[in-house]
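Please read through the structure below; I'll follow up with questions.
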Amino acid sequence: MIVLNVSYKCKPEMRDDFMEAIITEGIDVACRAEAGNLKYEYYYPVEDDDALLLIEKWTNDDALAAHGKQEHYLRLGELKKEYVKETVVEKFEV
């Protein structure tokens, strides 16, 4: 199993707008529906109003690679340009 901790540092006061765009466009739902997805959940860190944490779990590297080619994944990249100033991805194999 592959686990990703994706930490977004949003532009000032843009976190809620970023999350709203993800939900409105159905990106979260589409990611959860992908083959090999076990978890795709967003969390709000209490200590930072501009931070957003995404935890993803995938069955294997092939599922994760296929995820990176999806239209909704590419759209998320476009949204990040508008709302996010830094993304840090930690990958773990469990």
Side-chain angles (χ1 to χ4, degrees):
M1 176 172 49
I2 307 298
V3 177
L4 298 180
N5 290 344
V6 183
S7 299
Y8 296 110
K9 182 66 172 182
C10 296
K11 295 175 184 176
E13 300 180 17
M14 298 292 279
R15 178 182 71 182
D16 292 343
D17 294 337
F18 179 48
M19 193 67 233
E20 183 178 324
I22 290 167
I23 293 168
T24 299
E25 296 196 26
I27 292 170
D28 56 334
V29 173
C31 290
R32 287 185 198 107
E34 288 182 50
N37 180 266
L38 303 172
K39 180 178 181 132
Y40 191 91
E41 297 293 332
Y42 288 92
Y43 299 90
Y44 292 94
V46 174
E47 67 281 352
D48 187 345
D49 291 339
D50 295 324
L52 185 63
L53 173 65
L54 167 62
I55 298 178
E56 302 179 47
K57 291 183 182 178
W58 299 90
T59 53
N60 55 43
D61 279 320
D62 291 339
L64 181 57
H67 169 62
K69 297 175 184 173
Q70 301 299 314
E71 184 176 322
H72 50 268
Y73 177 87
L74 300 175
R75 177 63 183 139
L76 180 62
E78 293 171 5
L79 291 174
K80 284 172 50 179
K81 291 176 188 174
E82 184 176 349
Y83 297 107
V84 177
K85 64 181 190 178
E86 181 181 9
T87 303
V88 175
V89 179
E90 298 172 292
K91 181 179 178 182
F92 306 93
E93 294 191 38
V94 182

Report summary line: Applying ring pair (Phe, Tyr, Trp, His ring centres under 6.0 Å) to Tyr73 and not counting sequence neighbours gives His67

Requested in this report: Evaluate the side-chain proximity of Arg32 to Glu41: yes if any heavy-atom separation is below 4.5 Å, no if none is.
Outcome: yes

Query - Residues that Glu25 engages under side chain to side chain donor-acceptor pair (under 3.5 Å), provided they are two or more places apart - result: Arg75

Query - Contacts of type side chain to side chain donor-acceptor pair (under 3.5 Å), residue Tyr44, not counting sequence neighbours - result: none

Report summary line: Taken in chain and number order and not counting sequence neighbours, the residues that satisfy salt bridge (Lys or Arg N to Asp or Glu O under 4.0 Å) with Glu86 are none

Hey, can you pull the donor-acceptor pairs under 3.5 Å for the side chains in residues 54-66, sequence neighbours left out?
from, atom 1, to, atom 2, distance (Å)
Glu56, OE1, Trp58, NE1, 2.8
Asn60, OD1, Asp62, N, 3.1
Asn60, OD1, Ala63, N, 2.8
Asp61, OD1, Lys91, NZ, 3.0

Query raised in the report: Can you list the residues that meet the side chain to side chain contact (heavy atoms under 4.5 Å, CB included) rule with Val94, with sequence neighbours excluded?
Result: Met1, Val3

Query raised in the report: Are Val29 and Leu52 grouped together when hydrophobic residues (ILVMFWY) are joined by side-chain heavy atoms under 4.5 angstrom apart?
Result: no

What side-chain donor-acceptor pairs closer than 3.5 Å can you find for residues 10-20, not counting sequence neighbours?
from, atom 1, to, atom 2, distance (Å)
Lys11, NZ, Lys81, O, 3.0
Lys11, NZ, Glu82, O, 3.1
Arg15, NE, Asp49, O, 3.3
Arg15, NH1, Asp48, O, 3.2
Arg15, NH1, Ala51, O, 2.9

Report task. Starting at CG of Leu4, measure out to NZ of Lys39 and round the result to the nearest 0.5 Å. Result -> 12.5 Å

Report summary line: For Asp50, the salt bridge (Lys or Arg N to Asp or Glu O under 4.0 Å) test, sequence neighbours excluded, returns none

**Report entry** Residues forming a side chain to side chain donor-acceptor pair (under 3.5 Å) with Tyr40, sequence neighbours excluded
**Finding:** Tyr42

**Report entry** Ile23 with Tyr8, same ILVMFWY side-chain cluster at under 4.5 Å
**Finding:** yes

Requested in this report: Sequence neighbours left out, what passes side chain to side chain contact (heavy atoms under 4.5 Å, CB included) with Glu90? Give chain and number order.
Outcome: Asn5, Phe92

Report task. Applying side chain to side chain contact (heavy atoms under 4.5 Å, CB included), name anything that partners Ala21, two or more places apart in sequence or on another chain. Result -> Leu79, Tyr83

Report summary line: For Val89 and Val6, the nearest pair of non-hydrogen atoms, with its separation, is CG2-CG1, 4.2 Å

